[in-house]
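Here you go, one structure.
All chains are named by letter (A, B, ...) in the order of the sequence lines, taking the proteins before the strands, and each is independently numbered beginning at 1. Values below: every heavy atom of this structure, side chains too, minus hydrogens, waters and symmetry copies.
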Number of protein chains: 2
Amino acid sequence: MPHQKLIERLLAVSRLSKSEQNALVGLPYAVRNLADGDIVVHQGDRSSCCTVLMSGFLSRQRVISERNQISAFYVPGDIPDLHSLHVPIIDHDLCSTGPSTIATVSHVALRQLLRDFPALTYALWGETVIQAAIYRNWVENLGARAALPRVAHLLCELATRLQQVGLASGGRMNLPFTQGDLADACGLSTVHINRTIQELRRRRLIDWQSQTLELLERVELEFIAEFNQDYLLGRPSLAQH
Amino acid sequence: MPHQKLIERLLAVSRLSKSEQNALVGLPYAVRNLADGDIVVHQGDRSSCCTVLMSGFLSRQRVISERNQISAFYVPGDIPDLHSLHVPIIDHDLCSTGPSTIATVSHVALRQLLRDFPALTYALWGETVIQAAIYRNWVENLGARAALPRVAHLLCELATRLQQVGLASGGRMNLPFTQGDLADACGLSTVHINRTIQELRRRRLIDWQSQTLELLERVELEFIAEFNQDYLLGRPSLAQH
DNA sequence: CGTACAATTGACGAGATTCAATCTTAGTGG
DNA sequence: CCACTAAGATTGAATCTCGTCAATTGTACG
């Protein structure tokens with residue numbers, strides 16, 4: 001399987017031996033470049049391979065009540081359709097937000113790998129556990145937070161995930177999202193997202209221009225968002241106590 | 001591990017050999033009875049065992065922005081804290097809604113079992129995949145649907161999950177939830193939940209009294225909710241084509 | 001330099017919240 | 001068996017957050 005970012009992520013979450021890492025690296029894969037808006041997998045497709053995001057961003061989206069709802073963003077190192085190994089019918093569009101690069105690995109090859117290295121099964125299960133925790137936090141975000149803390153929470157999450165794979169330092173990151181994308185993810189209208197972002201700017205909490213987002217007052221922002229990064233760390237045990 | 005409902009669920013999702021089923025059944029466990037409102041696991045606890053819900057309902061909840069947000073309901077056969085095997089620090093309260101019975105299985109015993117029967121690792125991973133799909137649907141529900149379809153969708157989901165374990169037939173089920181519980185799950189106020197339920201009653205879509213919910217016009221209700229049960233089935237492949 | 005798309009702004013409306021009161025129901029003790 | 005109590009369900013009124021509509025401005029790209 002490709003790419004150091006995935007290995008980085010998995011190592012952050014699980015302990016993998018050198019041979020397991022090598023087996024991952026040795027997986028056959030195909031690389032594909034995507035442009036903004038390209039759809040990787042369509043809703044209804046039957047999938048026979050998994051996708052590893054190598055660079056850029058993907059989003060999972062589906063039209064609900066005539067509204068395009070984004071239910072997940074993916075950053076490099078993520079495997080957005082890992083679940084297709086269990087449930088091959090895809091029920092969302094997976095699409096590139098900004099240009100991106102992906103690698104695809106066939107289910108067949110992946111299953112063989114997991115048979116040979118059971119610890120990898122466990123490690124990938126751990127990936128699913130973290131993805132579930134992210135969804136859970138989105139549920140809370142959409143269910144309980146007003147617009148400002150809701151947007152703040154999403155930005156904190158993205159910043160932390162990008163940091164984990166070395167794509168954000170000092171709170172600065174490249175983010176090719178439009179305000180419409182944010183609106184679709186936060187369950188708000190573009191108009192209201194616009195006003196919310198302006199408010200975040202006015203309070204000097206963020207700086208966002210020409211696809212570069214900078215979190216200016218990280219502590220204050222995380223306070224407003226009630227953000228706690230523990231759910232993104234596979235091993236909070238190391239961060240605690 | 002205890003209980004036929006879990007086996008039923010796992011069999012619905014994965015193929016398990018007799019010996020694997022027997023190994024599951026043979027796991028040592030402790031049974032506990034809970035009263036309404038009892039907390040199984042507290043936010044912040046370090047968990048050393050997993051919980052299998054045998055009867056009744058559990059809910060996962062946490063206070064977000066001074067609001068109690070429920071991010072999941074669990075029905076018999078579910079393992080609400082399966083993820084604690086990977087991330088032992090629990091970041092939500094898990095509490096009994098109505099009386100319930102649970103069985104606890106130590107992580108140690110479970111890990112040993114998974115070492116002996118790799119197929120069970122895969123099967124439990126599949127459980128996590130389904131739980132993630134449920135979260136994803138909640139994200140969409142909270143992000144995109146107005147109150148009426150939102151409540152309808154939740155009721156359809158619960159009915160389907162209860163059906164899977166034989167606890168709902170003909171759309172009738174025992175449901176010990178208060179309107180406040182629904183409100184916490186749907187991200188709405190109790191007042192608005194009340195009005196929404198009245199509207200569902202007025203349209204003769206549901207009948208709900210003395211803890212018994214009946215879905216009267218299932219097709220119509222699912223249409224309003226845009227509900228599709230595929231995400232709850234581990235093997236949509238069998239339901240399709 | 002025009003075109004298309006994203007961002008911004010203002011005015012208005014609707015869905016949902018809040019507050020507060022009342023009604024209903026189930027459980028309790030006398 | 002019934003009054004008493006507490007929790008849940010219901011109702012009305014006022015309010016507010018956020019959505020919709022529609023127009024305008026800004027910006028990247030050919």
(message) Regarding A:R145, tell me which of base, sugar-phosphate or nothing describes its non-hydrogen contacts under 4.0 Å with the strands shown.
(response) nothing

(message) Using heavy-atom distances to pick each residue's nearest nucleotide on DNA chain D, tell me which of A:R67 and A:S210 is more 5'.
(response) A:R67

(request) Give the nucleotide from the list D:dT10, D:dC18, C:dT8 with an atom nearest to the side chain of B:R201. (result) D:dT10

(message) At 4.0 Å (heavy atoms only), tell me whether B:G37 reaches a base, stays on the sugar-phosphate, or touches nothing.
(response) nothing

(message) Students often get this wrong, so: under 4.0 angstrom with heavy atoms, is B:L188 touching a base, only sugar-phosphate, or nothing?
(response) sugar-phosphate

(request) Run the salt-bridge test on B:D78 and B:R161 with the 4.0 Å N-O cut-off and return the result as yes or no. (result) yes

(message) Using every non-hydrogen atom in the two residues, find where B:S96 and B:L58 come nearest and quote the distance to one decimal.
(response) CA-CD2, 3.6 Å

(message) Output the rounded distance in Å from CD (B:Q198) to C1' (D:dG8).
(response) 13 Å

(message) Rounded to whole Å, please give me the gap between CZ in B:R150 and C1' in C:dG15.
(response) 11 Å

(request) Could you tell me whether the side chain of B:R195 has a donor or acceptor atom within less than 3.5 Å of a complementary atom in the base of D:dG12? (result) yes

(message) If we count only N and O atoms by modelled type, under 3.5 Å, do the side chains of B:T104 and B:T51 hold a donor and an acceptor together?
(response) no

(request) Return the value, rounded to whole Å, for the distance between atom CD of B:Q179 and atom C1' of D:dA9. (result) 5 Å

(message) Strictly below 4.0 Å, N to O, side chains only: are B:E217 and B:R204 in salt-bridge contact?
(response) no

(message) On DNA chain D, compare the nucleotides closest to A:T190 and B:V191; which residue's is nearer the 5' end?
(response) B:V191

(request) Calculate the interatomic distance between B:I197 atom CD1 and D:dT10 atom C1'; express it in whole Å. (result) 11 Å

(message) Let me test you: for the helix from C:dC1-D:dG30 to C:dG30-D:dC1, what is the angle between the axes at its two ends (five pairs each), rounded to 10 degrees?
(response) 40°

(request) Rounded off to whole Å, could you give me the CG-to-P distance for the B:L175 and D:dG8 pair? (result) 15 Å

(message) Students often get this wrong, so: under 4.0 angstrom with heavy atoms, is A:T178 touching a base, only sugar-phosphate, or nothing?
(response) sugar-phosphate

(request) Compute the ring centroids of B:F57 and B:F177, then answer whether they are less than 6.0 Å apart. (result) yes

(message) Could you check whether B:E199 pairs with B:R195 (Lys NZ or Arg NE/NH1/NH2 to Asp/Glu carboxylate O, under 4.0 Å)?
(response) no

(request) Find the distance B:E199:CD to C:dA16:P and express it as a whole number of Å. (result) 12 Å

(request) Please determine if a side-chain N or O atom of A:N194 lies less than 4.0 Å away from the OP1 or OP2 oxygen of C:dA7. (result) no

(message) Test your reading of the model: is there a side-chain donor-acceptor pair from A:R150 to the backbone of A:R145, 3.5 Å cut-off?
(response) yes

(request) Mind calculating the distance between CG (B:D181) and C1' (D:dA9) to the nearest angstrom? (result) 13 Å

(request) Give the rounded distance in Å between these two atoms: CD of A:Q69 and C1' of D:dG19. (result) 15 Å

